[in-house]
Amino acid sequence: MNSNLNDRLLHFLAQSPTAFHAAANLRAELDHAGFTELHEDDAWALQPGGRYYVGRNGSALISFILPDSRPGSFHIIAAHSDSPSYKIKPGPALVTEGFVRLNVERYGGPVDSSWFDRPLSFAGRVLLDEGDHLRAQLVWPEEDLLIIPSLAPHLTRHEGAAKPLNVQTDLLPVLCGGGDADAFWKQLAARLGTAPEQILGADLYLCVRESPRIWGPEKEFLSAARLDDLECVYCTFLGFLDADPGNCIAVHCVFDNEEVGSRSRQGADSGFLRDVLQRLCASLRLPEEDYHRLISRSFLVSADNAHAVHPNFSQNSDPINRPKLNQGIVLKHQGSLRYATDALSAAILRKICRDHQIPCQDYTNRSDIPGGSTLGSLSESQIPLLTADIGLGQLAMHSCFETAGARDPEYLVRFSEYYYSEPLPRMEADL
Ligand code: ZN
């Protein structure tokens with residue numbers, strides 16, 4: 001187990017309560033590593049051998065390393081920056097029975113029960129009126145500010161079977177006592193050193209207060225908020241930073257809004273990646289035909305965590321293709337292609353893993369459970385890239401505190417470094 005790597009991963013997880021914070025932390029590391037920031041509204045003058053990144057919406061990020069020579073292919077990895085939570089509505093406060101509660105709605109599919117009875121805060125970004133311009137500012141009070149109290153079982157015994165939770169009535173967090181419906185905006189403005197009327201917009205989400213941790217007598221488990229998908233984001237990012245890409249163009253993508261379908265301008269189902277790759281080729285003065293030739297020789301790894309077999313619910317996994325924690329990278333397959341992996345992309349992945357002694361295991365849903373989807377097939381519908389869906393195994397996906405294996409991050413870092421640094425296995429026939 002690589003404790004230095006895990007320390008870095010835990011630090012990143014601890015400092016990334018929202019997609020906005022995750023993207024900002026990655027940008028800081030790219031700046032430190034000497035990457036040059038590009039803006040979509042500028043003209044790009046890229047140099048061979050250059051290292052660049054471009055953001056969108058403050059929550060998505062594409063970074064790339066150009067070869068010194070004529071590029072041969074794109075080696076791309078994509079992961080997602082967002083996680084399930086509850087979003088605070090514009091009219092944020094409800095006054096009830098001497099409490100002020102926040103008015104929230106689900107973002108994605110959180111495990112509701114996991115959010116009860118634990119100290120919470122909130123985080124995200126706000127847009128401030130600065131007179132002649134608007135300013136975006138990240139917000140994250142690192143304090144115990146909210147709790148969603150559960151209901152004592154004594155008060156529901158007469159109701160028989162448990163009712164499903166209603167997010168509008170059962171999951172609203174308590175902010176404070178009293179009757180001031182403007183308490184939230186006032187507290188937020190005070191923290192920002194501004195007046196409430198200067199806040200013109202806010203994307204704010206609940207977040208837990210627990211620190212990520214490695215645990216167990218053998219220190220073999222890793223638990224944290226937002227492992228799905230920040231574990232893949234950061235492990236592939238570290239491999240990307242250490243890559244020596246030869247004549248391939250190494251591309252690392254972090255998309256937002258996977259948990260709500262990816263259909264935003266910063267999501268995997270947008271043209272963000274296609275726009276960046278096309279502009280990159282144009283800036284290198286490659287003819288349009290070369291873009292299409294490059295794409296045909298390129299590969300996309302979609303990296304998003306996978307369900308490991310659960311010791312208490314093993315019957316919910318496929319009888320055979322059931323990944324285990326700490327046993328390596330998970331290759332995800334599904335017949336109806338909600339995972340984009342096919343025989344060809346699986347063979348390429350397995351060959352890279354085999355050549356570098358990186359353990360690799362297979363995941364499929366039980367045939368009678370539809371399961372989830374991820375980024376691979378969405379990106380593929382925007383750009384015709386050969387794609388494999390992978391991830392690291394974890395338990396309690398979409399809980400506010402998830403559990404994974406502490407030995408697995410190293411496998412994904414090593415995989416991505418090799419993937420970015422070496423030519424793809426050559427194909428004998430035209431596939
Ligand atoms: Zn995910």
Side-chain angles (χ1 to χ4, degrees), residues 12-31 35 37-41 52-64 76-90 104-110 121-128 134-140 188 192 199-208 224-237 240 251-276 302-305 374-375 378-379 382 398 400:
F12 175 72
L13 292 164
Q15 295 300 312
S16 303
T18 70
F20 301 104
H21 292 81
N25 291 329
L26 296 177
R27 292 162 71 112
E29 292 212 34
L30 290 163
D31 290 338
F35 280 68
E37 181 174 7
L38 301 169
H39 298 277
E40 288 193 277
D41 61 344
Y52 302 92
Y53 71 87
V54 55
R56 196 179 267 191
N57 188 51
S59 60
L61 196 63
I62 295 179
S63 322
F64 53 90
I76 306 168
I77 298 181
H80 67 89
S81 55
D82 62 322
S83 301
S85 177
Y86 302 87
K87 187 173 187 188
I88 299 173
K89 292 183 179 179
V104 298
E105 60 184 321
R106 284 193 191 91
Y107 176 85
S121 185
F122 64 88
R125 68 156 174 199
V126 293
L127 273 296
L128 300 174
L134 299 177
R135 182 166 63 87
Q137 184 167 332
L138 298 190
V139 182
W140 179 30
L188 179 59
L192 295 167
I199 302 170
L200 294 181
D203 291 317
L204 298 172
Y205 304 86
L206 303 191
C207 57
V208 299
R226 295 161 47 69
L227 285 176
D228 169 19
D229 187 29
L230 294 186
E231 186 180 21
C232 284
V233 165
Y234 199 63
C235 291
T236 56
F237 180 75
F240 171 77
V251 184
H252 187 264
C253 310
V254 181
F255 293 114
D256 193 4
N257 302 130
E258 192 274 344
E259 300 293 355
V260 290
S262 296
R263 278 187 217 95
S264 63
R265 67 189 179 93
Q266 60 277 359
D269 204 12
S270 71
F272 188 24
L273 176 59
R274 186 190 56 226
D275 295 349
V276 168
S302 157
D304 194 1
N305 269 0
T374 179
L375 303 161
L378 300 170
S379 305
Q382 293 286 339
H398 290 196
C400 68

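Note that these values count all heavy atoms, side chains included, but never hydrogens, waters or copies made by symmetry.
In terms of heavy-atom proximity, Ile77 sits nearest to Ala303 at CG2-CB, 4.2 Å. Between Ser81 and Ser59, the shortest heavy-atom contact is OG-O, 2.9 Å. The two residues Ser83 and Asp228 make their nearest non-hydrogen contact at OG-O, 3.0 Å. Between Ala22 and Arg226 the shortest heavy-atom distance is CB-NH2, 4.5 Å. Among all heavy-atom pairs drawn from Ala225 and Val208, the shortest one is CB-CG2, 3.6 Å. Between Leu61 and Gly55 the shortest heavy-atom distance is CD1-CA, 3.9 Å.
Atom-to-atom distance recorded for Leu134:CG and Leu128:CG is 9.0 Å, nearest 0.5 angstrom. Atom CD1 of Ile76 is separated from atom OG of Ser302 by 11.5 Å, given to the nearest 0.5 angstrom. Atoms OG and CG, from Ser270 and Asp256 in turn, are 10.0 Å apart once rounded to the nearest 0.5 Å. Note that the OH atom of Tyr205 and the NE2 atom of His21 stand 12.0 Å from one another [nearest 0.5 Å]. Residue Ile88 holds its CD1 atom at 11.0 Å from CD of Glu105, rounded to the nearest 0.5 Å. For the atom pair OG1 of Thr236 and CD of Glu231, the computed distance is 10.5 Å after rounding to the nearest 0.5 Å.
The side-chain contact (heavy atoms from CB on, under 4.5 Å) test with Arg125 is passed by exactly one of Val139, Leu138, Leu204: Leu138.
No side-chain donor-acceptor contact under 3.5 Å links Ser262 to the backbone of Asp269. The main-chain N or O of Val126 is never found under 3.5 Å from a side-chain atom of Arg135 such that the two would form a donor-acceptor pair.
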| task | Any chance you could lay out the side chain to side chain contact (heavy atoms under 4.5 Å, CB included) test for Phe20 and Asn57, step after step, and finish with the verdict? | result | CA-CA 8 Å; Phe20 301 104; Asn57 188 51; 4.0 Å; yes
| message | The test is side chain to side chain contact (heavy atoms under 4.5 Å, CB included); show your working for Leu26 and Tyr53 and say whether it passes. | response | CA-CA 10 Å; Leu26 296 177; Tyr53 71 87; over 6 Å; no
| task | Please assess Trp140 against Gln15 for the test side chain to side chain contact (heavy atoms under 4.5 Å, CB included), listing each intermediate value before the final yes or no. | result | CA-CA 10 Å; Trp140 179 30; Gln15 295 300 312; 3.8 Å; yes
| request: Go through the steps for Leu30 and Phe237 under the test side chain to side chain contact (heavy atoms under 4.5 Å, CB included), then give the verdict. | output: CA-CA 10 Å; Leu30 290 163; Phe237 180 75; 3.7 Å; yes
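Donor-acceptor pairing under 3.5 Å is recorded for the side chains of His80 and Asp82.
In this structure the side chain of Val251 never reaches within 4.5 angstrom of the side chain of Val276, judged on heavy atoms. Between Leu273 and Phe255 the shortest side-chain heavy-atom distance falls below 4.5 Å. Counting heavy atoms from C-beta outward, Thr18 and Asp203 have side chains that stay 4.5 Å or more apart.
Ring geometry for Phe240 versus Phe35: interplanar angle of 30 to 60°, hence tilted.
For Arg263, the CZ atom counts as loosely surrounded, since its 6.0 Å shell holds 12 or fewer non-hydrogen atoms of other residues, nucleotides or ligands.
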